[in-house]
Amino acid sequence: MTAEPWTRAVETDVLIVGGGIYGAATAYQLARFGVETILVDRADPGAEASGGNAGSLHLQLSPSFYAGKGDDWLRDFAGMLPFFAAAVGRWKELAGELPRDIELSVNGGLMVAETEPQMRVLRDKVAMERGHGLDIHMLSMSDVRGVAPYLGDAVIGAAYCPGEGKANPLNAVAGLLEGARSAGASVLARTEVLGFEAAPGGWTAGTNRGVINCRRIVIAAGLWSDGLAATVGVTLPISHRPIHVNVTETCGPFAGHLIQHAELRLTLKQAAAGNVIVGGGWPAGIDPDFARPAVLRESVQNSLWLAQHIVPKVGGLGLLRCWASRNLYIPDGKPVLGELPGAAGLYFAVCNSFGFTLGPLSGLLVAEAIAGRRPGHDLAPFSAARFG
Amino acid sequence: MTFRVDGKRRKADEAGFHFDGHAAQGIEGESLAAALTAAGHQAFGHRADGSKRGIFCGMGVCQECLVAVDGGPGVRACATPLHDGMRIASFADDAEPMAAAAANADGPVPVQRPEILVVGGGPAGLAAARAAALCGADAALIDERPELGGQYFKQLAKAYKVAGGAPLDEQARKGSELIAEVERRGVRVWRDATLWGAFGPAELAVVAGGAQQLFAPSRLILATGAYERGVPVPGWTLPGFMTTGAAQTLLRVYRVAPGRRVLIAGNGPLNLQVAAELAAAGVAVVAVVETARRPGPRQLPALARGWMASADLIRDGFRYVRSLSLAGVPIYHGHAVVAVAGKNGVEKATIAGIDRSGSPISGTRRDFDVDAVCVNHGFLPANEIARAIGCRHRYDKGNSCLTPERDADGLATKPGVYIAGDAAGLGGARAALAQGFIAGCAAAQSLGKAMPAAVETELRASRAGLRRHHAFQTALWRLFAGPRLTTQFAAADTVVCRCEGVTLGQVRQAMSGGATSLGAVKRLTRAGMGRCQGRYCGPLVAEMLATAGAAAPDELSFAAPRPPIKPVSIAAIARKPGT
């Protein structure tokens, strides 16, 4: 559907560009702080990475994520662990606040091992993570069977992190936007920012519907944030990879934890509706005809083999759908949050790979900064200025 | 009264089974859907919202007839054969799954490399395979059902030993001859073959007989047919409310009546045909309800054109109408079923007159006591495979469906891919046969095969025939012109997405909350996230969006086609990494 053009320029305090979870969470918080906010999305909000992820709430680090990155990188990234813990805390608060059931459950995560070398990797990881204050410990074969009887015989142990969980990404973005609207924010779909520049009093953005003048602007456009940043001379080294997700038919509840693997690509969880969601970062391709992510056969077959190998009951289910969604990467693994030094009123709310987990807290922090409140976490490590 | 229309007149091996603990007798090899219906069971399971479900499409598309067999996972009753001793349980959406190990998951998947692969064994597919074989091409044909023939050439189940092997009627006989010829000419036929992933024209992932196969043909002919459109009315998820095609399958393939008192409704000649077939088999057909107005003098030109194009089909039509009249079955023109009601299954059907926009006319409602309502409001092409491999489609407003862009040979926009039959746009069985033959010849020629003179002659006749069949279809739909039906009969609490129980009110709420696309409605309501993968609700929601919004639907309005093409067992498709 085409959105109606405006007859004259729209004036507002904060313009948020992008309606994924970062933009939605920022809009929600700003509206609740009483700050006049308009959020625009060039399509339907929540349709891209925020609508295509598997809904995992991560705390513990995943070896398949940091493999090959080196000790220094890992040490630096591990400093984020308390931030992740605070992020899951924010999710719990949101579950009570939002007008929509986001199907949050925090039943813990199990990163399973099949071999002794994998158990050693887990033990080292757990020691390092406990050093950063994460509540996580190792489970022996008999203990892990007691906690998760649905795991297959191949599992010989696991790292158990009680604070991990899951939520429904679609309901979360919808709930944040509904909450933002009822607190007074405007949410405009099919409204694309074509360019923006500094103007007296703030910023002026040209869209497909007309001009928006604002005091502050927030770039929350996920994958497309680098293009927008470039228009004002800011470099954002965002890359992306399409990755694969499987969803099974619905069934009765039998698997309560977020399951991952010590070495191989696997995330597995059962959603509130009963479907089992299997991901883990298996590769996807790009469909040349429609320039959209495309599912690869080997990823379907291999990811499902691993899933039923670790959780045999998955073999008894029907595959209902697969898709490929883009995962975003920033070289140091951290989000881009907060005001750009030297550019008054230009803010970023852009995720790294764990965008879903960190989204609500990130939105809160950026909103606090905009609203003149002291952000609950120091945003300096996340500044866009760190890219030079 | 027995549901088996032939009584004891056909010989077959009996099979004992239990359904939810109740003992019953069926016929070895018939579908569970037929066996359960014949034993008087209509409700095969229930969904999370508590609603009971049974047969709806009867052809493996809707996934509603799921039952659990011998403690295993849910399987489609319409696609699963009965064996002696089976313990069948009604399917619950919230049952815990059973573990199932991935079998034969090691090593590379066997690859089949026919020169020409035909997907679909209905009229178009059979004709294409025959043409390919006549031109000397190495051809293979795959079909997901245990018997070939598709929907039009439904064959009497092999479970029935017919004296002398005689098929039921001309239509079935033609089908059986064509099937026999295709096999005789050396086409490699794979039955019970589910194409679950179409990753490219030469990367087609199939499960056949429980084993994985990969097809890498040089040329691909898609003849995947069509399925019946869903028009929601209050109560339409009740067991006993099914498509006319489902009733026809029960009758022609399994010789089972869908109910004791049956009402047939919708738009188009299939309803007349099935009503006449049921009445001839001794089933009480309480009424036929047709949305088109009774043909009058203004339709005479169309009737004449139809006669010129295919006189025999017009004669068939008259024959059906006459036999219904002789059987005392009333036909209500300009009417539609607007609601059904019942406790565990359909008990009452309400019909009403409809105006030109399809809205019920007040004061015209009447009720019928029934236990089966069979409805056909036209068809939608099964284009998932074609779209998955990137063939471009455009929206056909007249038929409110996507049709593929093709040339006169059926060549689609992907090199080496042809589309023939109802999957290319709804043209009827004769057009399907002609299109299939043309595509088979074109595919063979493109491989450098020489066309024998007889084939050239038949090809010319097929092309000429196509023009006639198109003229017939145009005339036919003039005769049966009726309003486009979508949600006219649905109330706010009427389910629009059958699988997930999403109501019309919930879809409207999502739209007024800002959803402007099928994807957005899906994300907000879960409509389209169920087992039928949006096949029934997707077109309805797309029409609602188009009506509300502005832009006509196009191929991007519809859900991006992705694997699996239909739900498929994970144990059956899993493959060990690194092998």
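These values consider heavy atoms only, across backbone and side chains, with no hydrogens, waters or symmetry-generated copies. Letters A, B, ... mirror the listed sequences (proteins, then strands); counts begin at 1.
When every heavy atom of B:Gly514 is checked against every heavy atom of A:Asp44, the shortest pair comes out as O-OD1, 3.9 Å. Smallest separation of non-hydrogen atoms from B:Ala95 and A:Cys251: O-CB, 3.5 Å. Among all heavy-atom pairs drawn from A:Leu304 and B:Ala574, the shortest one is C-CB, 4.2 Å. Taking every heavy atom of both residues into account, B:Ser569 and A:Gly315 meet most closely at OG-O, 4.2 Å. Listed here is the closest heavy atom pair of A:Gln308 and B:Ala100: OE1-O, 3.9 Å. Looking at every heavy atom in both residues, B:Arg523 comes nearest to A:Gly51 through CD-CA, 4.5 Å.
Once rounded to the nearest 0.5 Å, the distance linking CD of A:Glu249 with CD1 of B:Ile570 reads 8.0 Å. Put simply, OG1 on A:Thr250 and CZ on B:Arg531 are 4.0 Å apart, with the number rounded to the nearest 0.5 Å. Note that the CZ atom of A:Arg190 and the OG atom of B:Ser517 stand 5.5 Å from one another [nearest 0.5 Å]. The CG atom of A:Asp287 sits 12.0 Å away from atom CZ of B:Arg562, with the distance rounded to the nearest 0.5 Å. For the atom pair A:Asn302 CG and B:Arg575 CZ, the distance stands at 9.5 Å (nearest 0.5 Å). Residue A:Gln301 holds its CD atom at 4.0 Å from CH2 of B:Trp196, rounded to the nearest 0.5 Å.
Contact annotation for A:Val300: only side-chain heavy atoms (C-beta onward) come within less than 4.5 Å of a heavy atom of chain B. In this structure, the portion of B:Gln533 lying under 4.5 Å from any heavy atom of chain A is its side chain and not its backbone. For A:Ala324, no part lies under 4.5 angstrom from a heavy atom of chain B. Within the 4.5 angstrom heavy-atom criterion, no atom of A:Asn246 approaches chain B. Of the atoms belonging to B:Leu214, it is side-chain heavy atoms, and not backbone ones, that fall under 4.5 Å from chain A. Only the backbone of A:Leu296 comes within contact range of chain B, with at least one heavy atom under 4.5 Å from a heavy atom of that chain. Residue B:Gln63: no heavy atom, backbone or side chain, is found under 4.5 Å from chain A. With a 4.5 Å cut-off on non-hydrogen atoms, B:Ala102 touches chain A through its backbone and its side chain both.
Comparing B:Lys566, B:Glu500, B:Glu203 by how many heavy-atom pairs each has under 4.5 Å with chain A, the most go to B:Glu203. When each of B:Gly530, B:Ala92, B:Ala101 is scored by its heavy-atom pairs under 4.5 Å with chain A, the top score falls to B:Gly530. Interface remark: of the candidates B:Pro97, B:Ala571, B:Ala520, B:Pro97 forms the most heavy-atom pairs closer than 4.5 Å to chain A. Per-residue heavy-atom pair counts under 4.5 Å with chain A were compared for B:Gly578, B:Pro564, B:Ala105, and the maximum is reached by B:Pro564. Ranked by heavy-atom pairs under 4.5 Å with chain A, the first of B:Pro563, B:Pro567, B:Gly390 is B:Pro563.
The neighbour count for A:Arg292 CZ, taken as heavy atoms of other residues, nucleotides or ligands under 6.0 Å away, is above 12. The number of heavy atoms from other shown groups lying within 6.0 Å of NZ (B:Lys52) does not exceed 12. Counted within 6.0 Å of CD on B:Gln509, heavy atoms from surrounding residues, nucleotides or ligands total 12 or fewer; the atom is thus considered open. Within a 6.0 Å sphere centred on CG of B:Asp49, other residues, nucleotides and ligands contribute more than 12 heavy atoms.
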